[in-house]
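Read through the structure below, which is laid out as structure tokens, and then see the notes.
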Protein chains: 2
Amino acid sequence: MIRVVVVDDHKIVRQGIIAYLNTVQSIEIVGEASSGHEAVELVRDLQPDVVLMDLVMENGTGVDATKEIMRFLPDCKIIILTSYYDDEKVFPAIEAGAFSYLLKTASANDIVEAIHKAMNNENVIEPKVASKVISGIQGQSKKPHQQLTKRELEVLLCIGNGMTNQEISDKLYIGIKTVKTHVSNILAKLGVHDRTQAAVYVHRNRLLE
Amino acid sequence: MIRVVVVDDHKIVRQGIIAYLNTVQSIEIVGEASSGHEAVELVRDLQPDVVLMDLVMENGTGVDATKEIMRFLPDCKIIILTSYYDDEKVFPAIEAGAFSYLLKTASANDIVEAIHKAMNNENVIEPKVASKVISGIQGQSKKPHQQLTKRELEVLLCIGNGMTNQEISDKLYIGIKTVKTHVSNILAKLGVHDRTQAAVYVHRNRLLE
DNA sequence: TTTTTTATCCGTCTAAAGTCTGAAATTTTA
DNA sequence: TAAAATTTCAGACTTTAGACGGATAAAAAA
């Protein structure tokens with residue numbers, strides 16, 4: 001029996017989910033919560049296998065609850081069940097420790113499947129969300145220059161135009177020492193050894209144009 | 001009366017030209033030659049205003065004759081009359097001092113006109129030849145890097161790849177001082193101030209790829 | 001609110017880059 | 001053959017780049 005806790009601030013939603021899950025033999029609903037805080041306490045007491053967690057709630061968000069739960073019960077599989085799939089929701093949730101990410105457009109059967117897969121350590125991610133996650137991963141291994149700060153990028157483009165530190169200093173109205181600091185940081189981030197290679201980098205990656 | 005000498009190693013060509021020119025009031029044929037050497041001697045004696053010169057002849061080329069004539073009679077207008085219009089013929093001829101350049105496909109009237117214009121210090125250049133001359137002039141003001149020597153171009157491409165002087169020195173098996181000399185010359189020829197700008201130049205002009 | 005990131009700046013120091021002058025050997029061109 | 005361009009290298013010198021350590025204030029994120 002898979003012990004499940006359902007968290008959602010809308011009672012009608014909880015009831016719908018619970019009603020269906022109770023028809024599934026392998027699943028046992030051991031508790032329900034209507035807020036993040038409530039959820040944390042409930043999970044601490046019940047130590048469930050799975051938590052179905054809404055993200056947007058009135059008292060305490062699902063992300064905070066997820067973070068908190070992972071702290072004392074890291075093996076608990078938290079399945080996010082929400083209607084949002086924008087960056088601002090998805091990444092923090094996954095970062096917080098969510099195991100799967102479902103949208104409320106998912107069928108009841110999808111939820112059951114996700115619970116079963118969670119017990120087999122299989123993640124489930126909605127297609128719409130998956131693309132976000134992928135681009136998020138790409139964000140991790142993004143091109144060197146994309147991890148530059150705005151100012152550093154400005155300086156880099158100047159280098160790409162063949163400007164000297166002094167010229168950059170004059171153009172951006174900052175001290176030459178500051179320019180040097182930026183240049184050093186840029187070289188480190190790009191993984192090159194001098195400004196000439198940085199300039200080559202700019203052109204090879206078509207950063208100008 | 002415009003005093004003209006006709007130079008061509010084919011008697012039939014000379015006769016044809018002379019026959020027509022004799023019908024022109026303002027023109028007087030004062031002599032004819034069948035080789036470059038002969039032409040030089042004839043011109044030295046007769047001091048004509050105009051020389052109609054073939055380029056390809058058996059004894060002594062028209063280019064050499066032209067050069068020689070310009071040495072002792074620089075005001076003499078030498079009109080090249082030939083069937084060739086390739087680079088190897090055109091440039092040496094003009095460089096030697098030819099005043100106009102006609103093709104043998106020109107009409108008799110074109111020749112007369114060229115002679116008259118020559119007396120008014122107007123050059124005549126066949127359209128087909130003109131394009132060569134233009135690109136020749138462009139050759140004078142060709143892209144900076146095209147006036148680099150082979151070695152300098154090698155070094156420049158290394159710079160375009162972000163290499164340091166030491167690395168270039170190692171790669172080309174030459175001293176670092178030599179590299180510096182090349183770099184300085186390159187910077188001067190390209191009109192840039194440092195190697196970074198040189199690298200930018202390389203990429204802007206797509207010298208690599 | 002506390003912490004982290006960002007943008008700014010200083011001084012010192014070393015290595016690299018670049019200039020200038022001069023020069024010798026080789027190759028190319030006239 | 002003579003003249004010009006190319007390639008090579010040297011010494012002395014100046015300037016620029018870049019590394020390293022440290023520091024501060026503002027902005028953004030946790």
Closest nucleotide of DNA chain C for B:K67 versus for B:D194: which of these residues is on the 5' side?
->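 Final value for this comparison: B:D194.
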Please report the distance, rounded to the nearest Å, between [atom1] in [X] and [atom2] in [N].
X	N	atom1	atom2	answer
A:E152	C:dT5	CD	P	13 Å
B:H193	C:dA16	NE2	P	24 Å
A:L153	C:dT5	CG	P	20 Å
A:Q166	D:dA17	CD	C1'	13 Å
B:R151	C:dT27	CZ	C1'	14 Å
B:R195	D:dT15	CZ	C1'	15 Å
B:E68	C:dA30	CD	C1'	15 Å
A:I168	C:dC9	CD1	P	14 Å

Under a 4.5 Å cut-off applied to non-hydrogen side-chain atoms, are A:L73 and A:P48 in contact?
->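 With C-beta onward as the side chain, the pair touches.
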Looking at A:K171 and A:E167, does any basic side-chain N land under 4.0 Å from a carboxylate oxygen?
->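 A:E167 and A:K171: not salt-bridged.
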So, A:K104 and A:D8, do they make that salt bridge, N to O below 4.0 Å?
->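 Salt bridge between A:K104 and A:D8, a charged N being under 4.0 Å from a carboxylate O: yes.
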Check DNA chain D against residues 170-188 of chain B and give the residues with a non-hydrogen atom under 4.0 Å, in numerical order.
->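 Of all residues in residues 170-188 of chain B, the ones placing a heavy atom under 4.0 Å from DNA chain D are B:I174, B:G175, B:K177, B:T178, B:T181, B:H182.
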Assess whether side-chain contact (heavy atoms from CB on, under 4.5 Å) is satisfied between A:Q15 and A:I18, documenting all intermediate values.
-> CA-CA 5 Å; A:Q15 285 182 323; A:I18 292 169; 5.9 Å; no
Please step through side-chain contact (heavy atoms from CB on, under 4.5 Å) for the pair B:R204 and A:N161, ending with a clear verdict.
-> CA-CA 10 Å; B:R204 292 229 163 110; A:N161 277 318; 2.5 Å; yes
Taking only N and O in the side chain of A:N165, is any of them less than 4.0 Å away from OP1 or OP2 of D:dT16?
->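 Answer is no, no contact under 4.0 Å.
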Carefully, step by step, assess A:I79 and A:I115 under the rule side-chain contact (heavy atoms from CB on, under 4.5 Å).
-> CA-CA 8 Å; A:I79 298 175; A:I115 293 174; 3.9 Å; yes
